[in-house]
Protein chains: 2
Amino acid sequence: MKIVTFNCNSIRTRLEAVMRWLEDHQPDILCLQETKVVDELFPADVFREAGWQVVFRGEKSYNGVAIVSREAADEVWFGLDEEPKDEPRMVHARFGKLHVVNTYVPQGRDIEHEMYAYKLEWLARLKAYFQKRFTAKTPLFWCGDLNVARHPIDVTNPKTKLDHVCYHPTIREAFEDVLEFGFTDLFRHHHPDLEDYSFYDYRVPFDPANKRGWRIDYVLATPPLAAKSVGAGIDIEPRARPKPSDHCPLFADVDW
Amino acid sequence: MKIVTFNCNSIRTRLEAVMRWLEDHQPDILCLQETKVVDELFPADVFREAGWQVVFRGEKSYNGVAIVSREAADEVWFGLDEEPKDEPRMVHARFGKLHVVNTYVPQGRDIEHEMYAYKLEWLARLKAYFQKRFTAKTPLFWCGDLNVARHPIDVTNPKTKLDHVCYHPTIREAFEDVLEFGFTDLFRHHHPDLEDYSFYDYRVPFDPANKRGWRIDYVLATPPLAAKSVGAGIDIEPRARPKPSDHCPLFADVDW
DNA sequence: GTATTGACTG
DNA sequence: CAGTCAATAC
């Protein structure tokens, strides 16, 4: 099976690109973030008419998550356990025994900003969500835009990013703490030394020959799935189009 | 020769469509209105690289006129004679003995609005411009978005449009008064009974089988040119595209 | 409905 | 740079 995460930065703006990606790559699961649209305006019919299942939760202008799949989910939940549940940032679907949690982790704005403390807390609450329902033996994918670069290899000029909300030591520590639940970072698992990014800030001029970006999007898997993983990668193509996106799809292939 | 008028509603948005129209139809003169761009940002290089001459005068967001031609104009003027000259609404070019005046006549907003009085005045000032320089014997085209439908046949449900700034009896009278300078409406000359429109309001759902629109764009010619006119028409195609335009090119063919 | 701007966000 | 919104115009 193929599972993908893609921060589409407005599903309405990126709809054609997403539909083409589905058609070309035929994934089993596509996790979307930053759909930026209320549920009434989500273009569900376009997915359904093309033969895909889709569940989603959004709000006006900001956030918004969705899971597109070939097979229908058996159960779907939105948000964390306690208020604020942040439904437009988290969707959890079950497909038989397989669970998929798709998150759009708060960016954090600034190290001093209250949203950064909220981000740290958010990751802890997500870990609690996992611990309450699953064990490391559960076949579980955690996918999404996690707004954290794990290691120096995951960001350009890491030494200059130590005060950045996506690379500060405290956020990396918080991320590692959730990973200790039992997750394997499938991209890094298959490419231990590959410097490749899933996010390119629009404000940094894009140069394909000298890429400056971040790997902040992940497909993470518990041991039963990680053991069956056969490959992973990032599709750079959407960054290089006439109407480019800042994030790129990151996928994993798993013999499941 | 082929001469065309097209309100492009933003030359930057419509650039590809305009270049394709030039390539496909090879007109001698193309008059554009509502280019909606200041001169510094007008995409003149695109026209020149494709082998066309272009003169233009625009402003930010509103109005803006241009004349595209295969041969270079010998002289070019912008605006009416007195202030406000409204340069982004009027360009006059001479090609040898042939004169072309391209206007974007004020829409008028509302019968009660001061812009409607300004519109009536504007047509009178334009007539004075013609009278000062030309006679009915001058080979002269007056083209553009004139924001007036002449006759009942030129608008859908005319009886409901009598209070509209583009069909009120006073504006039609003002228009006829300018036409008395000696102009022939080339489209109507060749198609005395054809109900065809050059403008379709974006807010009215477009139904190709039941068109509801306006003929407010014109190619008008003085007698020496009208006598040589061999055909005229409206190209509906641009209204039916993925990125449709509200106006359609209206052209005339003249043995000149 | 489809353009424009200007302020806001990441 | 590329999304969002709320005005404004036609």
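Labels below follow one simple rule: chain letters A, B, ... track the order of the sequence lines, proteins then strands, and each chain is numbered from 1.
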All N/O contacts under 3.5 Å from nucleotides 7-10 of chain D to the protein, with atom names and distances to one decimal?
| residue | atom | partner | partner atom | Å |
| --- | --- | --- | --- | --- |
| D/dC10 | OP2 | B/R109 | NE | 3.3 |
| D/dC10 | N4 | B/R203 | NH1 | 3.2 |

B/R188 with B/D154: basic N within carboxylate O range, under 4.0 Å: yes
DNA chain D: 5'-proximal contact among A/V204 and A/S10 (nearest heavy atom): A/V204
Within residues 100-114 of chain B or reaching into it, pairs that qualify as salt bridge (charged side-chain N to carboxylate O under 4.0 Å, His left out) - sequence neighbours excluded: none
Whole-Å distance separating the OH atom of B/Y200 from the P atom of C/dA3: 18 Å
Set of side-chain contact (heavy atoms from CB on, under 4.5 Å) partners for A/E176, sequence neighbours left out: A/R150, A/H151, A/L179
Nucleotide C/dT4, atom P - distance to CG of B/N7 in whole Å: 13 Å
Rounded interatomic separation in angstrom, taking CZ from B/F206 and P from C/dT2: 13 Å
For A/W52, ring pair (Phe, Tyr, Trp, His ring centres under 6.0 Å) partners two or more places apart: none
Touch class at under 4.0 angstrom, heavy-atom based, for A/R14 against every strand present: sugar-phosphate
Euclidean distance, atom CD of residue A/Q33 to atom C1' of C/dG10 [Å, nearest integer]: 15 Å
Between D/dA2 (C1') and A/I11 (CD1): distance, integer Å: 16 Å
Whole-Å gap separating C1' (C/dG10) and OH (A/Y167): 21 Å
Ring geometry between A/F206 and A/Y200 (parallel below 30°, tilted from 30 to 60°, perpendicular above 60°): perpendicular
Nearest-angstrom distance from the residue atom NZ of A/K60 to P of C/dC8: 17 Å
Protein-nucleotide distance (A/F6, atom CZ; D/dG3, atom P), rounded to Å: 11 Å
B/E195: side-chain contact (heavy atoms from CB on, under 4.5 Å) partners, not counting sequence neighbours: B/I153, B/Y197
Pairs where residues 57-66 of chain A contributes a residue and the test salt bridge (charged side-chain N to carboxylate O under 4.0 Å, His left out) is met, not counting sequence neighbours: A/D39-A/R57, A/R57-A/E87
Any A/S245 side-chain N or O less than 4.0 Å from OP1/OP2 of D/dC1: no
